[in-house]
There are 2 protein chains.
Amino acid sequence: MTTWNATASKLLDSAETLIRTKGYNAFSFRDLQREVGVKTSTIHYYFATKPDLAAAVFERFFQEHRLGLDQLTMAVPRAYDRLEKVVHFFGHNAGLGRFCLGGMLSSDRESLDEATRGALVRFFAHFESWVSTTIAYGKSNGEFKDSLDPDQAARTFVALLEGGMLIHRVKGDSHYFSDLILPFIDQMALIPSKI
Amino acid sequence: MTTWNATASKLLDSAETLIRTKGYNAFSFRDLQREVGVKTSTIHYYFATKPDLAAAVFERFFQEHRLGLDQLTMAVPRAYDRLEKVVHFFGHNAGLGRFCLGGMLSSDRESLDEATRGALVRFFAHFESWVSTTIAYGKSNGEFKDSLDPDQAARTFVALLEGGMLIHRVKGDSHYFSDLILPFIDQMALIPSKI
DNA sequence: AGATATCTATCTATTGATAGATAGATAAAG
DNA sequence: CTTTATCTATCTATCAATAGATAGATATCT
């Protein structure tokens, strides 16, 4: 687990926000210099190249994403509630104009290095796998319909999240995202709960 | 309906492909010069600025998209088959590494002018509206379940297309996209046909 | 002649990146 | 303990390449 000092962390923070709001190719080292208050040469001291910076940003994001999902699994007993929390988390970021980093870098994948492209593949595989496990658990739990194919439903859920965030930002309609995803979860449920 | 001469058309073609493969901020006027074989000054002769070029590319795309959907409505009698054809069309482009132009420019929307951002909103609204109408027709037709909410299903379908294309490109798995979307259509159908 | 289309040549600003200096912390040697 | 050496983190200054854009000459067609 790579660990960064204060400056590098701030650089990663700003870079992540810039990527998630404007995109990888739409921000410069000078933008970072302005935001963080260190010279561009200092950025290169920590991250040799721009693709290296993106790689580090994504590595940290991926790790936090894994950690967040693990904690969710431990802290929240019901599968339905776990998925709902994921939706709210994504929806919160979408509301701030912050697209999923995985989705954003997918758009810019041609500008990234091979290692980061590989990490992107693993990101989606891991996310889908977590959702699939959660849905399977929900089935065994009596929360979700027995007819559900967890893998299929998980792929759909993740793709819906990514596409939904994209369109949410374009529409600027603060209800679009949750109105899109929550009914989808509800449709999987045996007893259409809440909403 | 704006009409372009041969050079401008080639410029629009190349720009569209570049945007859909690499992204708006990842290509330059020099790339276009190389591909089309005219000087960058000639590009500026037709399109004053880069955002103007993007606007023209998207306007043409949007128009062809509308036309394509209209023709589909006229040529294909069954709603199910219309949606399936849309999926194959998107899937074909995804297979070529060509993301949906609407989705791609959504990622880069911060770099576009206000008019193009507005056109993006209208693009998704129109697409969703067409899908919704198609689903409503399919319901009246006895193809789709009566319980379906056409608007809700249409939003889901479009978001699934966009998210699916994004992830498809990352995975490089030629089956991912259609394996994702076709079951979704099938699930709407009264009589789970084909596949 | 005028309109249309393309080129040459060039501009300014910005890009990611590098070289080398410097101050301060840390460690090793005497 | 002090001195010497090395390492860490940052800076200044600058590079070559490229970005989008412009002015004005030139050719072609009506």
Side-chain angles (χ1 to χ4, degrees), chain A residues 2-19 21-58 60 104-105 107-117, chain B residues 2-19 21-58 60 104-105 107-117:
Chain A
T2 323
T3 173
W4 305 101
N5 73 6
T7 301
S9 287
K10 276 188 236 163
L11 287 169
L12 290 172
D13 290 344
S14 284
E16 180 175 337
T17 292
L18 283 168
I19 293 173
T21 49
K22 306 171 63 180
Y24 172 78
N25 284 302
F27 85 95
S28 71
F29 278 51
R30 252 101 177 169
D31 294 329
L32 243 52
Q33 167 174 317
R34 236 168 278 133
E35 288 206 5
V36 178
V38 295
K39 299 293 164 177
T40 63
S41 49
T42 299
I43 307 172
H44 283 287
Y45 174 73
Y46 291 106
F47 312 102
T49 68
K50 203 184 179 189
D52 285 346
L53 172 60
V57 168
F58 187 66
R60 191 184 64 160
M104 205 61 172
L105 287 184
S107 291
D108 295 326
R109 58 163 260 129
E110 299 303 316
S111 307
L112 306 174
D113 54 37
E114 189 48 46
T116 309
R117 288 203 285 264
Chain B
T2 324
T3 175
W4 305 101
N5 74 5
T7 301
S9 287
K10 276 188 235 163
L11 287 169
L12 290 172
D13 290 343
S14 284
E16 180 175 338
T17 292
L18 283 167
I19 293 173
T21 50
K22 307 171 62 180
Y24 171 78
N25 284 303
F27 86 95
S28 70
F29 278 51
R30 254 110 177 159
D31 295 329
L32 244 50
Q33 167 174 317
R34 237 167 276 134
E35 288 207 6
V36 178
V38 296
K39 300 292 166 178
T40 61
S41 49
T42 299
I43 307 172
H44 283 287
Y45 174 72
Y46 290 106
F47 311 102
T49 68
K50 201 184 180 191
D52 285 346
L53 172 60
V57 168
F58 187 66
R60 192 184 65 159
M104 206 60 171
L105 288 184
S107 292
D108 295 325
R109 59 163 260 130
E110 299 304 316
S111 307
L112 305 174
D113 55 37
E114 189 48 45
T116 309
R117 288 204 284 264

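Per chain, numbering begins at 1; letters A, B, ... match sequence-line order.
- Take the nearest nucleotide of DNA chain D for B/S28 and for A/G37: the residue whose nucleotide is more 5' is A/G37.
- Within the nucleic acid shown, B/S41 comes within 4.0 Å of at least one base atom, counting heavy atoms only.
- A straight line from CG of A/N25 to C1' of C/dG16 spans 12 Å, rounded to a whole angstrom.
- Taking every nucleotide of DNA chain D with any atom under 4.0 Å from a non-hydrogen atom of chain B, the first and last of them, 5' to 3', are D/dA19 to D/dA23.
- Test B/Y46, B/F58, B/W4 against B/L12 for side chain to side chain contact (heavy atoms under 4.5 Å, CB included) and you get one pass: B/W4.
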Task: Chi angles and distances behind the side chain to side chain contact (heavy atoms under 4.5 Å, CB included) call for B/D52, B/D113 - done: CA-CA 8 Å; B/D52 285 346; B/D113 55 37; 4.0 Å; yes

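- A/R34 has its CZ atom 11 Å from the P atom of C/dG16, to the nearest Å.
- At least one side-chain nitrogen or oxygen of A/K50 sits closer than 4.0 Å to the OP1 or OP2 atom of C/dG16.
- Among the atoms of the strands shown, none is found under 4.0 Å from any heavy atom of B/F47.
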Exercise answer: donor-acceptor pairs, residues 21-30 of chain A side-chain atoms, under 3.5 Å, sequence neighbours excluded:
from  : atom 1 : to     : atom 2 : distance (Å)
A/T21 : OG1    : A/T17  : O      : 2.7
A/T21 : OG1    : A/L18  : O      : 3.3
A/K22 : NZ     : A/A26  : O      : 3.3
A/N25 : ND2    : A/S111 : OG     : 2.8
A/S28 : OG     : A/R30  : N      : 3.3
A/S28 : OG     : A/D31  : N      : 3.2
A/S28 : OG     : A/D31  : OD2    : 3.4

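- Counting non-hydrogen atoms under 4.0 angstrom, B/T40 reaches a base of the nucleic acid.
- Side-chain atoms of A/Q33 come within 3.5 Å of backbone atoms of A/T40 as a donor-acceptor pair (strictly under, hydrogens ignored).
- Side chains of A/K50 and A/I43 form no contact here, defined as non-hydrogen atoms less than 4.5 Å apart.
- B/F29 comes within contact range of the sugar-phosphate backbone alone, with a heavy-atom separation under 4.0 Å but no base atom that close.
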- [ ] Start with the C-alpha gap between B/L32 and B/L53, add the side-chain angles, then the distance that decides, and say whether side chain to side chain contact (heavy atoms under 4.5 Å, CB included) holds.
- [x] CA-CA 11 Å; B/L32 244 50; B/L53 172 60; 3.7 Å; yes

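- Regarding A/Y24, its OH atom lies at a distance of 13 Å from the P atom of C/dT15, rounded to whole Å.
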